[in-house]
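Throughout, residue positions are numbered sequentially from 1 according to the sequence presented. Only heavy atoms go into these numbers, but all of them, side chains included; no hydrogens, no water, no symmetry mates.
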Amino acid sequence: MITHKNFILASSSSSRFKILKNSGFVFKKTNPECNEEEIKKNFLNRRPAFIAKKLSFEKAKSVSIKKKYHKDYVIGCDTLIYLNNKIFNKAKNMREAETKIQKLSGKTHKIISGLTICREGKMLWQCSSTSRVKIRKLTNLEIKKYLYTAGPQILSSVGCYQIESHGPKIIQDIKGDFFNVMGLPLFSLLKYVFEEK
């Protein structure tokens, strides 16, 4: 991708890395330094899109304030799952993953991402993106088989499914940005890049 900007992805997510790399995006990657759980606790009463954008900002800011990245455009992203007025956190283990998929089974939930670009600690641009995902009605046996096949790597996914991998086995329908479901609303980011080029 032709752009005069130097981009840094502030994320430890392999999915976000792959999305940008496969799109031809030229960037470097480093891990953000912020306490996500503490931020969520401080904004429990706010709307999910606000929380996702706040988290994405804090991630981008934590990298952009570092002297060696001052000239770079730092991308921060955070993705939440929202169902029945509740935000779902990542499962810590496969038992929690099983419980989460049981709750999502047969229902449509929202995937809400916040995306922020910072430079020298200041926000330059921000957006949010919402997609809707319906999980098939699953039996307990189907869930166990899915988790066995997918393996522990699905714990890195907030929904315990990776749409680019074994996720389609349990997903019935998607409405919205496919890349947002993967973890980064790519089309929104590309629109910013091309408009600001």
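One N or O on the side chain of T79 and one on the backbone of G183 form a donor-acceptor pair closer than 3.5 Å. Looking at S105, its side chain does come within 3.5 Å of a backbone N or O of L138 through a donor-acceptor pair. With K29 contributing its side chain and S11 its backbone, the two residues share a donor-acceptor pair below 3.5 Å. Of the possible donor and acceptor atoms, none in the side chain of T108 sits under 3.5 Å from a partner among the backbone N and O of K134. Formation of a donor-acceptor pair under 3.5 Å by the D72 side chain with backbone atoms of V74 is not found in this model. Looking at H70, its side chain never comes within 3.5 Å of a backbone N or O of R119 through a donor-acceptor pair.
Considering only heavy atoms from C-beta on, Y161 comes within 4.5 Å of V133 through its side chain. When side chains are defined from C-beta on, L9 does not count as touching F25, because their heavy atoms never get closer than 4.5 Å. Taking the side chain as every heavy atom from C-beta outward, S156 and Q162 approach each other to under 4.5 Å. The shortest side-chain heavy-atom distance between F7 and V193 falls under the 4.5 Å cut-off. For the pair P185 and C77, the minimum side-chain heavy-atom distance is below 4.5 Å. Counting heavy atoms from C-beta outward, K103 and F88 have side chains that approach closer than 4.5 Å. The side-chain heavy atoms of I87 and I81, taken from C-beta on, include no pair separated by under 4.5 Å. In this structure, L20 and I75 have side chains that are in contact, with non-hydrogen atoms separated by less than 4.5 Å.
Counting all heavy atoms, side chain and backbone alike, G114 lies closest to A52 at N-CB, 3.5 Å. In terms of heavy-atom proximity, C127 sits nearest to S188 at SG-CB, 3.7 Å. Closest approach of S15 to M182, counting heavy atoms only: CB-O, 3.6 Å. Counting all heavy atoms, side chain and backbone alike, A60 lies closest to G76 at CB-N, 3.7 Å.
The list of salt bridge (charged side-chain N to carboxylate O under 4.0 Å, His left out) pairs with a residue in residues 135-157, not counting sequence neighbours, reads E98-K144. Within the structure, every pair that satisfies the salt bridge (charged side-chain N to carboxylate O under 4.0 Å, His left out) test and touches residues 55-71, not counting sequence neighbours, is listed here: E33-K66, E36-K59, K54-E58, K59-D78.
The cationic group of K191 does not satisfy the cation-pi geometry with F187, failing either the under 6.0 Å distance to the six-membered ring centre or the 45° limit from the ring axis.
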From CA spacing to verdict: side-chain contact (heavy atoms from CB on, under 4.5 Å), K107, I135: CA-CA 6 Å; K107 299 182 179 71; I135 301 297; over 6 Å; no
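Under a hydrophobic clustering in which Ile, Leu, Val, Met, Phe, Trp and Tyr are joined whenever their side-chain heavy atoms come within less than 4.5 Å, directly or via other members, L184 and F17 fall into the same cluster. Both I19 and Y73 are members of a single hydrophobic cluster when ILVMFWY side chains are connected at heavy-atom separations under 4.5 Å. Under a hydrophobic clustering in which Ile, Leu, Val, Met, Phe, Trp and Tyr are joined whenever their side-chain heavy atoms come within less than 4.5 Å, directly or via other members, I154 and L104 fall into the same cluster. Grouping the Ile, Leu, Val, Met, Phe, Trp and Tyr side chains by contacts below 4.5 angstrom, directly or via other members, places F27 with W125. A single hydrophobic cluster is not seen to contain both M123 and L189; linkage of ILVMFWY side chains at heavy-atom distances under 4.5 Å, directly or through other members, places them apart.
The line from OH of Y146 to OG1 of T139 is 14.5 Å long, rounded to the nearest 0.5 Å. Separating the CD1 atom in I171 from the NE2 atom in H166 is a distance of 12.5 Å, to the nearest 0.5 Å. Between the CG atom in L115 and the OH atom in Y192 there is a gap of 10.5 Å [rounded to 0.5 Å]. To the nearest 0.5 Å, atoms CG (L155) and NZ (K90) are separated by 9.5 Å. Here the CG-NZ distance, from L55 to K53, works out to 12.5 Å after rounding to the nearest 0.5 Å. Atom-to-atom distance recorded for I112:CD1 and S131:OG is 9.5 Å, nearest 0.5 angstrom.
Open room surrounds NZ on K110; 12 or fewer heavy atoms of other groups in view lie less than 6.0 Å from it. Atom NZ of K28 has 12 or fewer heavy atoms from other residues, nucleotides or ligands within 6.0 Å.
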Let me have the donor-acceptor pairs involving side chains of residues 38-48, under 3.5 Å, with sequence neighbours excluded, atom names and distances please.
residue: K40; atom: NZ; partner: N89; partner atom: OD1; Å: 2.9
residue: N42; atom: ND2; partner: E38; partner atom: O; Å: 3.3

